[in-house]
Each structure stands twice: as C-alpha cells, then as structure tokens.
Amino acid sequence: MSNSPDYDLIVIGAGSGGVRLARMASQSGAHVAIVESADLGGTCVNVGCVPKKLFVYGAHVREDIEDARGYGFDVADEAIRFDWATLRDNKTSEIQRLNGIYRRLIDNAGVTLIEGTASIEDAGTVQIDGTVLTTERIAISTGSKAVVPDIPGSEHALISDHMFYLDELPETATVWGGGYIAVEFAGILAGLGVQTTLIYRGERFLRGFDGDIREHVAHEMARKGVDLRFNTNINAITSTAEGYELALTDGTTHRTGLVLAATGRVPRTEGLGLESLGVATDDGGAIITDDHFRTSVSGIHALGDVIGTPQLTPIAIEQAMVMVDQLYGSGSKRMDYTHIPTAVFCQPPIGTVGLSEQEAREAGYSVTIYRTSFRPMKHTLSGREEKALMKLVVDSFTDQVLGAHMVGPEAGEMMQGIAVALKAGATKAVFDSTVGIHPTSAEEFVTMREPATD
Ligand code: NDP
C-alpha cells in the first residue's frame, strides 16, 4: 500500500486567486483539488467587481439618454422608465454563465472540484463535510467578508453582497463609509434614481487617494445629487414603519429606506481551524505569510484577501502565478506591490497609479505637480456640467513620474497604459515626447506643459 497523499495540493476557496492557483498548479503537473462552499468565482465574480461593473453601466444609462438630446435624439422624460428586476436578473444570468465558465476551466485543467466546507485537521489533512483527504500542501484562499461596525441596530444594515439581490430598489438609501464600495454604490444607487445619502466619519472620503481627486469626486458626486455628509457617523439604526431612522454623531437624525454598510472587509478564516493548528494571524485577522506565501505552519500556504495584501482580484491572481512558479516552476518570481494601478467605479470614475501628491511629499520627495481640469468633449454638445481631472506627480530632481491620477470617463481604461509607463520608470520628458492621440481626453496626459502654481 502506498503512503502517498491523495493530492499534491488542496486549495480552499475557488475565488480569483484560488482558481488560478489550482489550474496553473495542475497544468504544471501537480495533482490538485479545490474546495468551495459557495458559487464558483468568489467575491469578484458573484458579489463584487463583475456584477458591480454591470450595475455601474446600468446606472449610467439615464445620463446617456439625457446626453443624447444634445445630439438630436428626442427622448421624452416620460419615455425613460427603469425596471430594477430586469437589471438585477439579467446580471444574475450573466453571473451564472460565468460560474459555468469557471466550472469548465477547473474541469479542463484536470482539477478536482469538491463542493463543501473545508477545515484543516493538520498540515497534511483536510476535512470536507466529513470526508478526510490527505495532501502534501494546502493553500488557503478564502478571501474576505464585509464587516459592519457594532452599533445598536447594526443588524438592519445591508452589506454589498445583499445589494445584488434586492427585491426592490427603495426610494431613498444611505451608504455608510467612504471607501471603494461606498462611493461605487452611492453612484449606482443615485444613477438608478434612488435619492442617495453618503455618511462618512472623516473630513473627506476616499482616504489614501490624492487630495485633488478626493475633492473633485466629492464635487461631481454632489452635482449628481448625492447628499454627502462628512464628519459624521452613524450611532444607531432604528427600524421604522417606512424604513430606518439613523441617529448621527452630529446630533441629527436621518430617515432612509435602506442602509448599506460599506465599512471595510476582513479576512475570512472562521471554521478553518487556524488557531488549533497554530497558523499565525495579525491583529486584523489576516494570515501572516512570507514572500513565498508560506504561513507559520510548514505545508500550509495562503494568498489573496485572506493574507491582508491589497484586496484586489489582479493581486490575488498575480500571487497565484508567483506561487505556482515558486512551488512548481523556476522559483525565481516574487510579488512586486509597487505601482498597483486601480480604478474606483464611482461616477465619474477614478483611475490612479503610483504615489499621491501627499504620499510623495511625506516620503520626502520634492515634487512638481501638473494638473488639468476640463469638460470632456462629449459634453460640449450634451450640455452636461461634468469635468474631468488629470494630475501628474513628478520628482523635481529626477523628472520621474511618481504618480498619475484621473477622474473622468474611462479613467480605468486609460490608467492601465499609464501604469506600464510608470512601472518602466518613465520621466515627465518621456510623457512630453509622446505623441498624443487627438481628439481624446487621454492626450492631456502627454500635453500638460505648465506646472501647477499652487
Ligand atoms: P475600504 O477599506 O476601502 O473603506 C472602508 C470605509 O469604511 C472607510 O471609509 C472607513 O473609514 C470606513 N469605516 C471603517 N470602519 C468604520 C466605522 N467603525 N465607522 C464608520 N466608518 C468606518 O473598504 P470597502 O468596504 O469600501 O472595500 C473593501 C476593499 O475591497 C477595498 O479596500 C478594495 O481593496 C476592494 N474593492 C475594490 C474595488 C475596485 O477595485 N474598484 C471595488 C470595491 C472594493 P476611514 O477611511 O476613516 O478608515
């Protein structure tokens, strides 16, 4: 009888990182199983990036129709009707199609899919709903989950997961928080016709983003009718006959039809048995790993949101690729967490890469700032009062571009290419010597000649 384990690798969690890891490990010759207790694809596919982006498209349609009038298309207000159930259910069909694709990808890669809930018995044994499997290695990729602050009535608050399956859209809604999810859902709700309030405890939302970007987004969101309440927080939520009443820290109350808590996400580790195994976690509950994704217990690895690195799908996917190289390939790859471009799909959206002006100054750089704000060409005829903002943060001594930031249509699409330039160490002189594409908004990135004087 052979003593070899059932698998070379058991991956727990079939989200973006886990699925990529399982497939690539299998294609490198390992015998792999992946365990999932919910729908395939994890947060991103099911209740995150993908359905969110579909909702963002939906939320923009009303403006597109309004903008069409300046181009000669006569659409009467009464003709614009929106049916939430259609958007929600079409989105769900698309997500189910993607779940199917994930299933096929897993099958075609020769990975065994086990649907159930896993716990780790020891570094070489995983139990899935009573079935015990042995393995040479375990990789934990269980992701993260939304966290709601513990206040009276917090059970009335929804989290982003719920927003994708609402029976009905309320007339009014309140978004609690000032991060990615808060501003994205505030834009979605407002775009779909819900009277939306955003409550954020700090001076201005999107902490960590460039100050000009934060200010510009706040201005544009307010112009689109989102009621922004900064420097206040929710003390308590009470259920009323019509909806909810919020007691705010500024002493006022606010009535609303729905409360969405977008107050951060924490690593999802419960039930895995980490404590009894001695797998070390940090104060925030993230599994501590080294640059090979090894936890404190030999044979147990972890990647993605659960290890506390930036909670972004492309990060988890890249980590999976690096880990496969380390386990089954050349072993030379390491993660590089610099120059991570990111987009926030608020309306208008943000694209950003590199250092904010504030981060650059705090890091001791002497910086030159280039900034432009303009009305995108489309809105000359549409008549829409909406401005785009672009900004470059440049090292005054070396001329290297340290950061690029934008608010405006297609900011995410634009920033991917700019990120390549920054990663390659492009100087402002390289930007200046690059020929623009005319007429686009993007050409502004290579035509900003005069430093900002403030
Ligand atoms: P974030 O960490 O981005 O934001 C959390 C927000 O909640 C912050 O504004 C924070 O305030 C606030 N907050 C935290 N605790 C409290 C509290 N006790 N009371 C009041 N406010 C509180 O988390 P999100 O939930 O928005 O998103 C999680 C992550 O998911 C993001 O960081 C991002 O990595 C990822 N994501 C990425 C997207 C994309 O790429 N487009 C889209 C959506 C999510 P403060 O700033 O003061 O701490």
Side-chain angles (χ1 to χ4, degrees), residues 15-17 42-57 143-154 157-164 174-188 197-209 211 213-214 217-218 228-237 246-250 259-268 284-286 304-317 319 337 340-353 356 358 406-407 411-413 415-416 419:
S16 306
T43 300
C44 177
V45 167
N46 293 289
V47 285
C49 333
V50 177
K52 178 275 308 286
K53 185 87 187 276
L54 295 172
F55 280 4
V56 168
Y57 283 129
S144 60
K145 60 178 186 180
V147 63
V148 183
D150 186 16
I151 58 161
S154 60
L158 302 182
I159 57 170
S160 50
D161 295 12
H162 302 128
M163 298 301 289
F164 298 103
T174 300
V175 179
W176 181 16
Y180 280 78
I181 296 180
V183 295
E184 290 184 344
F185 266 102
I188 290 168
T197 302
L198 182 146
I199 291 175
Y200 174 57
R201 63 182 175 182
E203 194 76 23
R204 177 144 296 147
F205 56 20
L206 292 168
R207 186 164 59 82
F209 285 79
I213 297 293
R214 297 164 75 187
V217 171
L228 299 175
R229 311 264 185 103
F230 295 148
N231 292 314
T232 188
N233 209 348
I234 303 178
N235 262 342
I237 308 173
L246 312 180
L248 305 184
T249 53
D250 63 9
V259 187
L260 164 62
T263 40
R265 297 179 64 85
V266 292
R268 190 199 303 261
D305 284 8
V306 80
I307 66 169
T309 43
Q311 297 170 330
L312 299 168
T313 279
I315 294 290
I317 289 175
Q319 288 174 340
Y337 293 103
I340 299 169
T342 173
V344 186
F345 295 98
C346 48
Q347 298 187 29
I350 302 169
T352 178
V353 60
S356 69
Q358 297 70 32
M406 171 177 180
V407 184
E413 302 293 342
M415 207 48 68
Q416 188 69 77

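Small disclaimer: the values here were computed from a predicted structure and weren't measured. The analysis underlying the following values was restricted to heavy atoms, covering all of them including side chains, and did not include hydrogens, waters or symmetry mates. Order of listing sets the numbers, starting from 1, for every ligand and every atom in it.
Every N/O-N/O distance between V344 and ligand 1 stays at or above 3.5 Å. Backbone and side-chain nitrogen or oxygen atoms of R265 are examined, and none is located within less than 3.5 angstrom of a nitrogen or oxygen of ligand 1. On a distance-only criterion, L312 and ligand 1 share no N/O pair closer than 3.5 Å. Taking only nitrogen or oxygen atoms, main chain and side chain alike, G264 reaches within less than 3.5 Å of ligand 1. For G177, no nitrogen or oxygen atom sits less than 3.5 Å from a nitrogen or oxygen atom of ligand 1, counting backbone and side chain alike. At a 3.5 angstrom cut-off on N or O pairs, P149 does not count as close to ligand 1.
Residues forming a side chain to side chain donor-acceptor pair (under 3.5 Å) with Y200 (at least two apart in sequence, or on another chain): none. A261 meets the side-chain contact (heavy atoms from CB on, under 4.5 Å) test with V148, A157, W176, T263; sequence neighbours excluded.
Side-chain contact between L248 and R229 is present, with heavy atoms from C-beta onward closer than 4.5 Å.
Those atoms of ligand 1 that come under 4.0 Å of a heavy atom in G178, given as number and element, are 6 (C), 8 (C), 9 (O). Near N233, meaning under 4.0 Å from any of its heavy atoms, are these atoms of ligand 1: 19 (N), 20 (C).
Rounding to the nearest 0.5 Å places CG of N231 at 4.5 Å from CD of E203.
For an aromatic pair to be called close, the ring centres must be under 6.0 Å apart, and F164 with F185 satisfies this.
Not one N or O on the side chain of Q319 forms a donor-acceptor pair closer than 3.5 Å with the backbone of G17. In this structure a side-chain-to-backbone donor-acceptor pair under 3.5 Å is present from R214 to R204. Remark: the backbone N or O of D305 is not paired with any side-chain donor or acceptor of Q311 at under 3.5 angstrom.
Under a 4.0 angstrom heavy-atom cut-off, G202 registers as lying outside contact with ligand 1. Remark: distances from the non-hydrogen atoms of W176 to ligand 1 include one below 4.0 Å.
The residue I234 has no part lying near ligand 1, judged by heavy-atom distances below 4.0 Å. Here Y200 has side-chain heavy atoms under 4.0 Å from ligand 1, and that is the only part of it that gets that close. Contacts of A343 with ligand 1, taken as heavy-atom pairs under 4.0 Å, involve the backbone alone.
In the candidate list R207, Q311, R201, K52, R201 is nearest to atom 10 (C) of ligand 1, counting heavy atoms. When L206, L198, T263 are ranked by how near their heavy atoms come to atom 12 (C) of ligand 1, first place goes to T263. Taking all heavy atoms of I181, I159, V175 into account, the minimum distance to atom 24 (P) of ligand 1 is reached by I181.
Contact record, P341 with Q416: CG-NE2, 4.1 Å, taken as the closest heavy-atom pair.
When only non-hydrogen protein atoms are considered, atom 6 (C) of ligand 1 lies nearest to A262 O, 3.6 Å.
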query = Under the ring-ring contact (aromatic ring centres under 6.0 Å, His included) criterion, do F345 and Y57 qualify, and how do the steps go?
reply = CA-CA 10 Å; F345 295 98; Y57 283 129; 8.5 Å; no

